[in-house]
Amino acid sequence: MGHRDRLSVIQSYRFALYLSPVQERALVGHAGAARKAYNWGLKRIKAVMDQRAAERSYGIPEGQLTATIGWSLPALRRAWNVAKPVVAPWWRDYSKEAYNTGLDALARGLRNWADSRSGKRAGRPAGFPRFKSRRRSTPAVRFTTGTIRIEHDRKHVTLPRLGRLKLHESARKLARRVEAGTARILSATVRRDGGRWYVSFTCEVERAKCTPACPDAAVGVDLGLQHLAVLSTGDVVPNPGHLDTAIGKLRRISRGLSRKVGPDRRTRRDASKRWCRNQTVLGRAHARVANLRRDGLHKLTTTLATGYGTIVVEDLNVAGMLRNRRLARRISDAGFAEIRRQLTYKTRWYGGRLLVADRWYPSSKTCSGCGTVKTKLALSERTFTCTTCGLILDRDVNAAQNLAALAATVAGSGSETLNGRGADRKTPHPGPVAVKRLPGTATVGKTGTVPPQGRTSNHVLTSAT
Ligand SMILES: [Zn+2]
């Protein structure tokens with residue numbers, strides 16, 4: 001195959017690990033070393049910032065203030081290498097990649113904060129980096145250099161300093177690609193998640209270009225809570241509600257946990273063995289919910305991306321919807337944002353395109369038969385009845401068909417037509433545009449809730465994703 005039939009993507013492969021107690025201790029140590037370097041760098045940067053602020057308050061001219069220190073990864077690494085014999089005399093016990101993991105996280109955190117403050121970074125404002133705690137942070141270490149290899153038996157991986165680690169499942173999918181030269185491992189991250197250790201390989205993968213089963217077909221996908229997704233074809237994907245199913249069990253475990261002797265930092269009381277055991281059980285129960293959810297979402301998005309040439313979804317304001325405390329748990333459990341994220345990259349992989357309808361496009365209130373837009377449609381009305389043409393259709397199927405119809409109005413092909421993140425600003429309104437929201441009633445990042453039924457909003461707001 002030539003370059004034209006290939007698509008180069010960054011993709012990761014994650015495998016669960018079986019670790020010996022010695023290996024687990026080594027990993028916990030590496031993660032601790034990463035945290036040490038991170039906290040050391042942050043403390044130093046904060047000290048300089050505070051010193052400069054204090055000097056400014058005394059009226060010392062700008063040129064005579066304490067010199068700033070570098071925030072970039074190379075600068076932090078240089079400073080760490082000077083300081084490590086004093087701050088971490090044990091530094092030789094761990095791979096240099098461990099310290100690099102921590103310093104890289106710090107450099108990125110600082111850059112995100114600076115870019116967010118100067119307006120270079122979109123999205124929610126990023127906070128200033130905070131100190132990592134042994135109890136609360138996820139232990140992780142990333143290796144970018146040295147021996148990173150999948151063994152010939154495909155059941156073991158070799159990482160620098162840690163040596164051979166046993167995998168829970170065969171790594172043949174990645175091993176085959178590496179041997180065929182269609183994948184290159186860029187880095188390996190070992191991380192604990194839900195009480196289990198995983199290794200995740202970030203790879204540059206040359207994927208064969210392919211086309212969906214029906215390249216000319218468009219499907220509209222209406223996401224909701226009653227049904228997870230309703231397709232314009234009439235297919236209904238039920239909402240599995242994994243968290244709702246497990247919530248009784250989670251409550252029972254948590255209640256048991258509250259009756260056991262937990263840690264108390266004020267009195268320096270250590271947690272009891274029973275508390276620790278129960279904590280592990282709770283973590284596993286949460287991890288199971290997350291695994292079930294991930295599996296279901298991947299199956300749904302793969303089916304869509306391999307089946308249809310064009311997929312049209314709505315740009316849901318998930319962050320705004322989560323502010324509704326009655327629905328937040330169920331919205332989080334459904335994973336709307338994750339569906340969108342997966343569809344964005346999977347349509348690229350499988351040769352389709354993803355179109356995102358404007359946040360204010362009235363998909364539910366428009367008649368899919370004649371295009372009349374209703375001014376009012378209560379959420380309780382589950383059936384759409386058109387007074388103009390007499391169409392009677394399930395509410396969600398009607399919305400999905402309106403979304404599918406939008407595909408015809410967007411010219412061109414390929415996923416470049418729309419970027420994955422921003423809404424399509426050119427989505428045409430079939431009906432008259434209703435009352436505009438007054439400028440200033442909603443600010444960027446605070447677009448909050450979906451506007452009341454029967455009103456659309458000022459279109460400038462669509463860029464505020
Ligand atoms: Zn109609």
Side-chain angles (χ1 to χ4, degrees), residues 214-239 300 304 307-317 320-321 327 334 336 339-340 343 352-413 417-418 423-437 447 449-459 461-462:
C214 308
D216 299 322
V219 66
V221 184
D222 182 74
L223 299 173
L225 288 179
Q226 197 154 32
H227 310 293
L228 179 59
V230 176
L231 311 186
S232 53
T233 54
D235 290 333
V236 173
V237 183
N239 186 348
L300 168 65
L304 288 171
Y308 301 92
T310 305
I311 301 166
V312 191
V313 294
E314 261 178 306
D315 177 29
L316 295 171
N317 180 6
M321 292 194 300
L327 289 176
F336 295 148
I339 292 176
R340 166 88 172 271
L343 282 176
R353 60 174 181 159
L354 177 70
L355 299 181
V356 181
D358 194 289
R359 184 169 292 182
W360 316 112
Y361 173 66
S363 63
S364 295
K365 283 177 278 177
T366 308
C367 171
S368 59
C370 65
T372 314
V373 184
K374 287 193 176 202
T375 46
K376 265 188 186 150
L377 183 71
L379 264 171
S380 56
E381 286 178 50
R382 300 312 309 169
T383 310
F384 185 91
T385 312
C386 181
T387 45
T388 315
C389 71
L391 178 99
I392 298 172
L393 196 62
D394 176 79
R395 176 203 178 96
D396 298 329
V397 176
N398 178 58
Q401 288 191 353
N402 282 325
L403 291 172
L406 279 180
T409 64
V410 178
S413 60
T417 333
L418 282 176
D424 175 22
R425 301 276 298 277
K426 290 189 217 82
T427 306
H429 275 268
V433 175
V435 193
K436 281 194 173 184
R437 185 178 274 193
T447 41
T449 48
V450 175
Q453 297 282 335
R455 258 206 292 158
T456 47
S457 177
N458 189 338
H459 266 244
L461 291 172
T462 53

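Values in this document were obtained by computation on a predicted structure and should not be read as measured data. As a basis for the values below, the full set of heavy atoms in this structure was taken, side chains included, without hydrogen atoms, waters or symmetry mates. All ligand and atom numbering here is 1-based and tracks the order in the structure.
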Query raised in the report: Do Asn398 side-chain atoms and Cys367 backbone N/O form a donor-acceptor pair below 3.5 Å?
Result: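 Flag not set: sc Asn398 to bb Cys367 has no pair under 3.5 Å.
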Query raised in the report: About how many Å separate CG of Leu304 and OG1 of Thr310, when rounded to the nearest 0.5 Å?
Result: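 With rounding to 0.5 Å, OG1 (Thr310) is 12.0 Å from CG (Leu304).
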**Report entry** Nearest-0.5 Å distance that lies between atom CG in Asp396 and atom OG in Ser364
**Finding:**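 Nearest 0.5 Å value for the CG-OG distance: 7.0 Å.
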Requested in this report: With 2.8 Å as the limit, jot down which protein N, O or S atoms are around the Zn ion (ligand 1).
Outcome: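 As for protein N, O or S atoms lying under 2.8 Å from the Zn ion (ligand 1), they are Cys367 SG, Cys370 SG, Cys386 SG, Cys389 SG.
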Mind listing the side-chain donor-acceptor pairs of residues 214-228 below 3.5 Å, one per line with the distance, residues two or more places apart or on another chain?
| from | atom 1 | to | atom 2 | distance (Å) |
| --- | --- | --- | --- | --- |
| Gln226 | OE1 | Arg382 | NE | 3.2 |
| Gln226 | OE1 | Arg382 | NH2 | 3.2 |

**Report entry** Close side-chain approach of Leu327 and Met321, heavy atoms under 4.5 Å
**Finding:**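 Side-chain contact under 4.5 Å: no.
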**Report entry** Heavy-atom side-chain proximity of Thr366 to Gln401 below 4.5 angstrom
**Finding:**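 Not in contact.
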